[in-house]
Protein chains: 2
Amino acid sequence: MRKGEETRTRILDVAEAAVLAKGFGATSIDELIAETGITKSGFFYHFRDKNELAKALLERYIENDERIYDEIFSRAHELSDDPLQAFLLGLKLLSELLSDLPNGHPGCLVATMCTQERAFDREIQEINRQAALMWRQRFGGMFREIMCHYRPREALDADQLADMVSTVLEGGIVLSKALKEPKSLPDQLLVFRTFVRLLFQPMAQA
Amino acid sequence: MRKGEETRTRILDVAEAAVLAKGFGATSIDELIAETGITKSGFFYHFRDKNELAKALLERYIENDERIYDEIFSRAHELSDDPLQAFLLGLKLLSELLSDLPNGHPGCLVATMCTQERAFDREIQEINRQAALMWRQRFGGMFREIMCHYRPREALDADQLADMVSTVLEGGIVLSKALKEPKSLPDQLLVFRTFVRLLFQPMAQA
DNA sequence: CCGCTCCTGTACCGCCGGTACGGTTCTCCG
DNA sequence: CGGAGAACCGTACCGGCGGTACAGGAGCGG
């Protein structure tokens, strides 16, 4: 029981690193079992096929992702009662966290699954969609609360603003990888942060 | 001579669609030759291996991408002499173009290659990097020109702003695919457009 | 000691990327 | 019109990989 879970976790750890580095297709099962020190039979005992591995990988990744956002933004809300300040602080904390990753962000599994969508079944696509919707809900709620206290200089939809957070994160990851500049991602997040601050900045002559 | 180029183009057309839909790894050569109506030998006459196909695919994609940006922003600059207005107009035109794609944006090959980076050789990674740098240069130039005429409300680096264009495009593509909402990408671009307008909007009491 | 979880070992299949190579057809140029 | 490439076709083959099948064994809790 305990032993099985531990092996499964080890497989997922190895697989996640490999998939983020090389893509799902380029990650072979043989390679995974070699690194985890189990046999092929052992692998297929835990995962029916590669698709189920992808599913488990994705679910675990999203879960962890949510946990990180929970931590960061709850900490930000502890430090400031103002919803705008808390959000801006959260973005800053997130940017700093991303800056501290030595080799840059390892990549987002949601994005990897997206760029290879038809290679996976609809279940995985649906998990992916739900993840994006959760992000929208999370940040959308924050923007709605901000809008209760601040009047935006431009009329923008809270959900679209929320999607902008995901967009900047996903796009920043892609750009960082393409440019081989780990700093781009946290930088882009800070640029977005400036935009948000600007958007809700009270008019000069109120 | 002419014939060869045409076949090669047909292979690339089929391959591009398949790669964007399923990912590079999930796209088999057998499948490509079946759809193009040639044989395996014929395929390997045109491309030494799959990696060279990827390279040709990527180069053609980037070339086409650049051409589209050239057209849109040169048209925008014809319609307005003001660099800010021209840029904002360009974003609008781009957003409209993206809106008109019936099934949404098919995906960016640069991003797909990024999420599977180690599966390809360094040459491809370098092409990818150069593409991102070209985007930076293109939009960076525009922002620098804008900054000659407008004073931004917040001090932001022109290159980082330029990267933001790429970020929003790449991130928007990912989000659109994840959410299965084609409209998200053009919407995100318009949100960014609003930010840019806000950034360079003259102060109320100048 | 039974039974269950958690594997190992072996053998095998079909698909796929890639190689090798001989032959064929088409195309353009002289 | 004829020859020389260019642009393929056909066939056979290889190794790696995803996946299946199935038999068996170690360890562990009840």
Side-chain angles (χ1 to χ4, degrees), chain A residues 1-58 60 109 112-113 116-121 123-124, chain B residues 1-58 60 109 112-113 116-121 123-124:
Chain A
M1 308 196 177
R2 184 51 76 57
K3 181 87 177 303
E5 276 305 308
E6 194 233 294
T7 303
R8 198 184 137 98
T9 302
R10 239 171 52 233
I11 297 174
L12 288 175
D13 288 339
V14 172
E16 184 169 318
V19 168
L20 287 176
K22 303 185 298 187
F24 193 75
T27 300
S28 75
I29 295 178
D30 282 349
E31 163 199 347
L32 296 181
I33 66 180
E35 200 160 341
T36 49
I38 58 168
T39 63
K40 212 170 184 180
S41 314
F43 175 86
F44 283 106
Y45 171 79
H46 287 287
F47 305 98
R48 207 179 311 130
D49 49 32
K50 224 185 166 189
N51 198 77
E52 194 169 303
L53 171 68
K55 200 178 122 192
L57 227 42
L58 187 58
R60 201 183 68 146
L109 271 183
T112 30
M113 304 284 179
Q116 309 165 29
E117 50 179 299
R118 299 241 203 183
F120 304 108
D121 55 20
E123 200 178 349
I124 286 193
Chain B
M1 308 202 174
R2 184 50 77 60
K3 181 88 178 302
E5 275 304 308
E6 194 232 297
T7 304
R8 198 184 137 98
T9 301
R10 240 171 53 232
I11 297 174
L12 287 174
D13 287 340
V14 172
E16 184 170 320
V19 168
L20 288 176
K22 303 184 299 187
F24 192 76
T27 300
S28 75
I29 295 177
D30 283 349
E31 164 199 346
L32 297 181
I33 65 179
E35 201 161 339
T36 47
I38 58 168
T39 63
K40 214 170 183 179
S41 314
F43 175 87
F44 283 107
Y45 171 77
H46 288 286
F47 305 98
R48 206 179 313 131
D49 49 31
K50 223 186 168 189
N51 197 76
E52 193 169 304
L53 170 68
K55 202 178 119 190
L57 226 44
L58 188 57
R60 199 183 70 145
L109 271 183
T112 31
M113 304 283 180
Q116 308 165 30
E117 48 178 301
R118 299 242 203 183
F120 303 108
D121 54 21
E123 199 177 351
I124 286 194

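Naming convention: chains lettered A, B, ... in sequence-line order (proteins, then strands); numbering from 1 in each chain.
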Checking Arg60(B) now: which residues fulfil side chain to side chain donor-acceptor pair (under 3.5 Å) with it, not counting sequence neighbours? Asp13(B), Glu16(B)
Using salt bridge (Lys or Arg N to Asp or Glu O under 4.0 Å) as the criterion, list what pairs up with Glu35(B), not counting sequence neighbours. none
Rounded to the Å, how far apart are Tyr45(A) OH and dA21(D) P? 18 Å
What's the CZ-C1' distance between Arg8(B) and dA6(D), to the nearest Å? 14 Å
Rounded to whole Å, CD1 of Ile33(B) lies from P of dC15(C) at a distance of 14 Å
Within this structure, what is the CD1-to-P distance between Ile38(A) and dT8(C), rounded to whole angstrom? 6 Å
Just how far, in rounded Å, is P of dC6(C) from CZ of Phe47(A)? 12 Å
Does His46(A) place a side-chain N or O at less than 4.0 Å from the phosphate oxygens OP1/OP2 of dC7(C)? yes
Would you tabulate the side-chain donor-acceptor contacts of residues 39-46 of chain A under 3.5 Å, counting partners in other chains and residues two or more places apart, or write 'none'?
| unit_1 | atom_1 | unit_2 | atom_2 | d |
| --- | --- | --- | --- | --- |
| Thr39(A) | OG1 | Gly42(A) | N | 3.2 |

Residue pairs, two or more places apart or on separate chains, that pass salt bridge (charged side-chain N to carboxylate O under 4.0 Å, His left out) and touch residues 41-50 of chain A: Arg48(A)-Glu52(A)
Residue Thr39(B), side-chain atoms from C-beta onward, closest of dA7(D), dC7(C), dC9(D): dC9(D)
Sugar-phosphate or base contact per nucleotide [nucleotides 15-20 of chain D; S, B, -; heavy atom under 4.0 Å]: --SBBB
In this structure, how many angstroms lie between the C1' atom of dG18(C) and the CG atom of Leu32(B), rounded? 15 Å
Between Glu31(B) and Ala18(B) the two heavy atoms that sit nearest each other are OE2-CB, 3.8 Å
List for me each residue that meets side-chain contact (heavy atoms from CB on, under 4.5 Å) alongside Ala54(A), sequence neighbours excluded, and say none if there are none. Phe24(A), Met113(A), Phe120(A), Ile124(A)
